[in-house]
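Shown next, in structure tokens, is the structure this report addresses.
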Amino acid sequence: MEYNPREIEQKWKSWWEQNQVYKVSNESSKPKYYVLDMFPYPSGSGLHVGHPLGYIGSDIFARYKRMSGFNVLHPMGYDAFGLPAEQYAIQTGVHPAQATAINIARYREQLDKIGFSFDWSREVQTCDPKYYKWTQWIFLQLFNHWYDNSIAKARPIEELVAIFEEKGTGNIQAASSEPLAFSAAQWQGMSPKEKDDALMNYRIAYRKTTYVWWCEDLGTVLANDEVKDGVSERGGHPVERKPMLQWSLRITAYADRLLSDLDTVDFSDSMKKMQSNWIGKSQGAQMFFELDNGAGQLEIFTTRPDTIFGATFMVVAPEHDLVKQITTPDQAQAIADYLAYVNTRSERDRMSETKEVSGAFTGAYALNPFNGEKIPIWIAEYVLKDYGTGAIMAVPADDERDMRFAKKFNLPIVEIIDKSMYPGATIEDKQGKMINSDFLNGMEVMDAIEAVLQRIESMGIGHRKINFKLRDAIYSRQRYWGEPFPIAYDENGVAHALPENELPLELPVLEDFKPASGAKSPLARAEDWVNFKPGWRRETDTMPGFAGSSWYFLRYMDSDNDQAFASQKAINYWQDVDLYVGGTEHAVGHLMYSRFWHKFLYDKGLVPTKEPYKKLMNQGMIQGVIENIYLQKEKVNGKSKFVCAKIAEQKNLDDYVKIPVLVDYIADYGLQDSHLDLEGMRNFIAWRPEYADAIFECGSGTFENSTFNPSGDVGNLKFQTVSEVGKMSKSKYNVINPDDVVEKYGADCFRMYEMFLGPIEQAKPWDTKGISGVSSFLRKLWGLFYSESGKFLVNEDEPTKEELKVLHTCIKKISEDIERFSFNTCVSGFMICVNELRTLNCSKRVILDELVRLVGPFAPFTAEELWHQLGHETSVCEADFPKVNESYLVQDTIAYPVSINGKKRDLVELPAGMSKEELEKAALELDKVQKWLEGQAVKKVIVVPGRMINIVV
RNA sequence: GCCGAAGUGGCGGAAUGGUAGACGCGCUGGAUUCAAAAUCCAGUAUAGGCAACUAUGUGUGGGUUCGAGUCCCACCUUCGGUACCA
């Protein structure tokens, strides 16, 4: 029988399906293990070879765990709401639901070809009303809770109302948008709308006017992490700051827990660092400066209260509420001009010139609370409205930005820290002795911070405060293709939660998906839906992409449940995700949000663990190779002219532009010598007919009008292209579809090759030049079972000691390497094993039976076929993973490297049981050693039994 | 700028402080073949040598150690994250 991957794959794919081999039960006596992949957004371009990398790794691990006695949950689904489908709908009129369904079907087909052990009966799609009913339900829980800082826990909003009824805001410690204070009587006297506004200040899901990233081209608001480098992450459209009434989630209430619980999870250090940077905790003081005209106070936040005597000016954010109040008539024009300037600047402008300082003087002064000195108040872009209090005391001597500002505007600089005894200490380091600082003089910085904090608190002009960089998550999107908010507003504009029995609130049917006028969601056009009862109107914004993905891992536990997002029984059985595999691009966004939701659900007692993901594995991106040819900028006789990379490099590259070529046409793709051959050239011209009459010049001749004119005796056209590594994307014409690879080499080969490329967490460019090695490995494996003439070779002979050693060496390596996610070395371990068994001519059942089980997680189709050839009736995934028997690995002799002064000089085979002394003696007697020693005195001999011998002279 | 990861043959990469370059690709030679593909065998870090062998060698410079790709210090380069966070 010949090895025919295509046939085998067809056969076992349907067999697995019929026998529901991958269906997982929530009832099991086995210990549970949950392996989760970050679910994909089903884009229109389908999967490329980069996507499955992580899926293959997690699939191997899931299969391995399953064979090792665990009940393994390994599901898959789709993050199916999102902008691209909607943009597509605007362009083509195809309803997003329809486009999404088509894309999902395509993804499914592609995934199925690769042989994953997903339990598809648990599939989730975030755009399915049966799913988003529960996204809406969790949102309502967030809406109906507030966060009590005194017990660090979310509590029902009714309890807050009860507190207000009884004693007003009193001394509650609630996470809030702004500090509020009212008595019970005041509360009782409030109108419904006023009460609603007051409660909004505390709800975890709340509505507030905030400065948001508005993206005009997309017609929607974006979250912080959806904006990169001043443009939208998707599509690269410009964004601007704009105040808008938006739903937000009070993730800041959980900032401290999100930070400290990082210690309890097994994420990479870099991942933890990214998260903690994003949370950005800093300790300092919040303090008040009186304004010199007695008109009030300026509140600032600083981590360096010790530097207060060096504060020669104050800076407030241009959007700060106080700006209008304090600006003096003299300065009104200057401030107005500056504010106008700030408004014209896009985020991109601001970012591109971060070192440029700009600002304006308000004319007002604050007073230093310790010595009463007048400090001018400025406004400047570099102080941000949303961080701290939106105002700082500027200490030019001890802060680089303040220094630049002071220099530009000629403001005084007062040295306050003597760093002379700390050479090399930078301006930011908290080292040195205080000078020019009144009662702090002579103190070390750290002591001064403490001393001044105590003074500030005793004087009642401020208090210690912890600040976070993390900001509340903007939760509104002015889009159609997302979860509708289960919220409606009454005549007074008071927000009401929809009753649970009205969930899900489904998206209305629409035909026009363009944003409605006034920066409103297209949903505003569905008037019947919006004005569903007299005087009331529904919220027309929809939820962002991270809504559905923040809790999907819980839904897989019990995906059909229509009574709860998942039953408590299922949740208590599966608990949390043991292994989560995905890309680093979700480091801050998705991971932060889902950890936050999980903590909220934990507060509610709905999930048993504080963290959703125990261990996180980040797979590296598979990059594409972009292949370009050089087009000369100047035309020749009106014709376009291309030259090959070699010629262009010899001339001036500035005279050429790079034109990307569809990689399918390239010969020796990804190699140094990648080029277009005659056929590739013809394909290129057919693909880009505008270049049909162009001239192509390269070392081997010229190509024009579909004809190759060789120069000299070089027979073939070889038009060198220039390769660069970059993202795999449609626009770069370098997308490699896994289907094509599977078609050519088989799914098992594709799986093993992706693993063989290198460590899974490392980024690497895709190239297929090594794939033939993996392909021939699979054939060799097959060859242990069937001879070339098709004879079944498996026999019942007793295995030899050597054969057992080969097998168990492999078992040991594979088990150890799977545990540390080193899948690339697993593949080489298999190759060694199969090569050695072939050399030994071993086709013994006892050996092969274990080998097939070992290969099962990596090459499930081939393993399944061979497993059945061995006479088994059930699936190989239900078999036990082989266990190493160390006794087969014991060696009779050991090859000892003998070194002199650490340099290897000889290699000697010695019996395994020799003692240190015997080994030393044997080593010293070696001819080569004698020759090297040449009478020199041996100072020391180091013997590590089983490893090496080193002689020191 | 700051934070993190990584620099090893022609290439992808391997190596609990203990034989650097496993495994695979590519390349060279050979077998098989009318021929090719496929397959099989041998070789393949660099320099010198017919060879045995010798010297050098894991980004650079120091250090620790009997022994360093691996640990420590400084620096260089690449990639990822982040960016006026007070």
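A, B, ... follow the sequence lines: proteins, then strands. Residue 1 opens every chain.
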Exercise. For A:D386 and A:T210, what are the C-alpha separation, side-chain angles and deciding distance, and is it a side chain to side chain contact (heavy atoms under 4.5 Å, CB included)?
Worked result: CA-CA 9 Å; A:D386 323 285; A:T210 33; over 6 Å; no

Exercise. Is the A:W766-A:Y753 ring centre distance short of 6.0 angstrom?
Worked result: yes

Exercise. What integer number of Å spans the C1' atoms of B:rA42 and B:rA47?
Worked result: 24 Å

Exercise. To the side chain of A:I832, which of B:rA83, B:rA22, B:rG26 is closest?
Worked result: B:rA22

Exercise. Taking NZ, NE, NH1 and NH2 as the nitrogens, is one of them in A:E400 or A:R404 under 4.0 Å from a carboxylate oxygen of the other?
Worked result: yes

For this session: Remember a base hit wins even if backbone is also touched, and classify A:S282 as base, sugar-phosphate or nothing at under 4.0 Å, heavy atoms.
Result: sugar-phosphate

Problem set entry | Length of the line joining A:I894:CD1 and B:rU19:C1', which is rounded to integer Å | 14 Å

Exercise. Roughly how far apart, to the nearest Å, are B:rC27 and B:rC75 at atom P?
Worked result: 44 Å

Exercise. What nucleic acid atoms does A:L757 come within less than 4.0 Å of, heavy atoms only: base, sugar-phosphate, or nothing?
Worked result: sugar-phosphate

Seminar exercise, completed: B/S/- along nucleotides 41-47 of chain B (protein heavy atoms under 4.0 Å) is -------

Exercise. If you look at every strand shown and take non-hydrogen atoms under 4.0 Å, does A:P765 touch a base, only sugar-phosphate, or nothing?
Worked result: nothing

Seminar exercise, completed: Comparing A:S899 with A:K940, nearest RNA chain B nucleotide closer to 5' gives the residue A:S899

Exercise. Under 6.0 Å between ring centres, would you say that holds for A:F405 and A:Y382?
Worked result: yes

Problem set entry | Nucleic acid contacts - residues 945-953 of chain A versus RNA chain B, non-hydrogen atoms under 4.0 Å | A:R947, A:M948, A:N950, A:V952

For this session: Could you tell me which nucleotide pairs with B:rA5 by Watson-Crick or G-U wobble geometry, both distances under 3.5 Å, or answer none if nothing does?
Result: B:rU78

For this session: Would you classify A:T584 as touching base, sugar-phosphate or nothing, given that sugar-phosphate means primed atoms plus P, OP1 and OP2, and contacts are heavy atoms under 4.0 Å?
Result: nothing

Exercise. Reckon A:W782 touches a base, only the sugar-phosphate, or nothing at all at heavy-atom distances under 4.0 Å?
Worked result: nothing

Problem set entry | Listed nucleotide nearest any side-chain atom of A:K780, set B:rC84, B:rG18, B:rC40 | B:rC40

For this session: Round to the nearest Å and state the distance from A:F777 atom CZ to B:rG24 atom P.
Result: 10 Å

Problem set entry | RNA chain B: 5'-proximal contact among A:R820 and A:A895 (nearest heavy atom) | A:R820

Exercise. If you look at every strand shown and take non-hydrogen atoms under 4.0 Å, does A:N835 touch a base, only sugar-phosphate, or nothing?
Worked result: sugar-phosphate

Exercise. Does the side chain of A:V834 reach to within under 4.5 Å of the side chain of A:L851, using non-hydrogen atoms?
Worked result: yes

For this session: Quick one: label A:N467 by what it contacts on the DNA or RNA (base, sugar-phosphate, nothing), any heavy atom closer than 4.0 Å.
Result: nothing

Problem set entry | Interatomic distance at P, B:rU39 relative to B:rG4, whole Å | 48 Å

For this session: Classify the glycosidic conformation of B:rG81 as syn or anti, calling it syn when the angle lies within 90° of 0.
Result: anti

Exercise. Looking at the rings of A:F858 and A:F830, which for Trp means the six-membered one, are their centres under 6.0 Å apart?
Worked result: yes

